[in-house]
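We number each residue from 1, following the sequence as shown. Note that the structure is a prediction, hence the values are computed from the model and not measured.
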Amino acid sequence: MKKSSLILLFLLFINSVFSQSTIYELYGTQTNPYASLYSLITLDTLKDARTLKDIYANYRPDWVANYIEVVVKTTCNGVDKTAASPNDTLTQNQLTLLRQAVADCNIEITVDYIPNNELTYNPARTMTFSLRTMPIVEAKFPGGKEQLQSYLEQHIVNKISPSTFEQIQFTSIQFNITKDGQVADVLLIDKSDNSEVDQLLLTAICNMPQWQPAKDVEGANIIQSFQFNLGTDLLRCDYRYKF
């Protein structure tokens, strides 16, 4: 999903110099990669996917020193199919399996690798994760994800001082993109305890330009919900589990 398809997902980690532009994320809630046991990926994500990170937002390539094998396995109507690659770049066979997997199919990714660490005893390890396709094409901001990121930084992130940012633990706002591509039903679901920041979020989201609406598998326009999160809690290692 964009970001893992998602989805459109923009979460980076803070470095030694505090940078507030690193502590936010935006994703479509129908394709939230952290919402369930299965990470969800959309039709357009599969069309554009090239690496494991493209289809699974939690994947951490920096954990890997060397790959042994990456296996994609799909199970559709009781029939298993597999395709392997030597690293996290998806092969054409793997992409074909993923794109052929419909909503009722299970997808399992297995990564055999040598961890990236300084331990003397450093045996091979295996990580696995499961995916499920969603038969929708996500709504898109005009100009794509780069323009969306630019909008969020210009109208929200860059308008908050570093000192104020450090005091924001978590704030979240939800909104819908209608069948006509308009922003609607904007709701601040977690306030920041800073009224100016809360108003900044509401104003920026409400003033977004018209999007390209989401579509179902038949190509009909549908409503899609999105959620924008902001705050230092996003840097916590247990962030995905604290809610």
Side-chain angles (χ1 to χ4, degrees), residues 1-14 18-42 45 56-59 134 136 138-141 144-178 181-211 213-214 222-243:
M1 55 184 77
K2 291 177 180 177
K3 119 214 32 244
S4 180
S5 150
L6 215 78
I7 121 191
L8 300 170
L9 182 64
F10 306 110
L11 175 62
L12 303 173
F13 286 97
I14 196 167
F18 182 80
S19 172
Q20 66 265 42
S21 65
T22 64
I23 316 177
Y24 71 97
E25 62 180 4
L26 175 69
Y27 55 77
T29 56
Q30 292 184 33
T31 53
N32 176 6
Y34 309 105
S36 65
L37 174 63
Y38 290 96
S39 291
L40 305 177
I41 48 180
T42 61
T45 295
Y56 185 57
N58 265 341
Y59 183 69
M134 289 284 289
I136 69 168
E138 280 203 307
K140 293 180 176 63
F141 188 86
K145 65 180 182 180
E146 290 184 359
Q147 289 302 313
L148 173 59
Q149 184 174 8
S150 177
Y151 181 92
L152 295 172
E153 293 186 356
Q154 178 182 353
H155 294 276
I156 298 176
V157 178
N158 293 343
K159 290 189 175 183
I160 304 174
S161 68
S163 60
T164 299
F165 228 107
E166 290 176 333
Q167 298 173 20
I168 302 172
Q169 289 185 305
F170 184 80
T171 183
S172 183
I173 189 168
Q174 286 185 347
F175 60 96
N176 289 336
I177 299 299
T178 68
Q182 303 294 331
V183 176
D185 306 317
V186 180
L187 178 64
L188 190 65
I189 56 175
D190 286 284
K191 294 184 178 181
S192 68
D193 295 326
N194 184 311
S195 59
E196 292 183 1
V197 170
D198 292 342
Q199 186 58 54
L200 179 68
L201 288 174
L202 289 167
T203 299
I205 297 300
C206 288
N207 290 338
M208 279 185 168
Q210 184 174 3
W211 290 46
I222 58 174
I223 296 172
Q224 186 178 7
S225 298
F226 282 82
Q227 184 167 325
F228 177 80
N229 297 333
L230 179 83
T232 57
D233 272 4
L234 273 68
L235 298 176
R236 293 175 48 166
C237 61
D238 63 343
Y239 166 63
R240 298 299 164 196
Y241 308 100
K242 70 187 289 287
F243 303 108

Over all atoms of both residues, closest heavy-atom pair of [X] and [Y]:
X: M208; Y: L152; answer: CE-CD2, 3.9 Å
X: V186; Y: C206; answer: CG2-SG, 3.8 Å
X: K159; Y: H155; answer: CD-O, 3.7 Å

Mind checking side chain to side chain contact (heavy atoms under 4.5 Å, CB included) for [X] and listing every partner two or more places apart, or none if nothing turns up?
X: Q174; value: I189, Q227
X: Q147; value: F141
X: L188; value: T171, I173, K191, D198, L201, L202

| query | Checking side chain to side chain contact (heavy atoms under 4.5 Å, CB included) for the pair L148/W211: CA distance, chi angles, key distance, verdict? | reply | CA-CA 10 Å; L148 173 59; W211 290 46; 4.3 Å; yes

| So with a 6.0 Å cut-off around CD of Q210, is the heavy-atom count from everything else above 12? |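 Result for CD/Q210: enclosed.
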
| Around atom CD of Q169, are there more than 12 heavy atoms of other residues, nucleotides or ligands at under 6.0 Å? |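 Not more than 12 within 6.0 Å, no.
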
| Is there a donor-acceptor contact under 3.5 Å from the side chain of Q224 to the main chain of A139? |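 Yes, Q224 side chain to A139 backbone: donor-acceptor pair under 3.5 Å.
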
| Backbone N/O of A184 and side chain of N176: donor-acceptor pair under 3.5 Å |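 Side chain of N176 to backbone of A184: no pair is present.
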
| message | As a quick check of understanding, evaluate side chain to side chain contact (heavy atoms under 4.5 Å, CB included) for F165 and V197, giving each step before the final call. | response | CA-CA 9 Å; F165 228 107; V197 170; over 6 Å; no

Between [atom1] on residue [X] and [atom2] on residue [Y], distance to nearest 0.5 Å:
X: F170; Y: D193; atom1: CZ; atom2: CG; result: 12.5 Å
X: D185; Y: I177; atom1: CG; atom2: CD1; result: 10.0 Å
X: I222; Y: I136; atom1: CD1; atom2: CD1; result: 5.0 Å

| message | Going by side chain to side chain contact (heavy atoms under 4.5 Å, CB included), L200 matches just one of L230, I160, I205. Which one? | response |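 Testing each of L230, I160, I205 against L200, the sole residue satisfying side chain to side chain contact (heavy atoms under 4.5 Å, CB included) is I160.
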
| field | Side-chain donor-acceptor contact under 3.5 Å, N229 with E25 | value |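 Note: N229 and E25 side chains meet the donor-acceptor criterion.
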
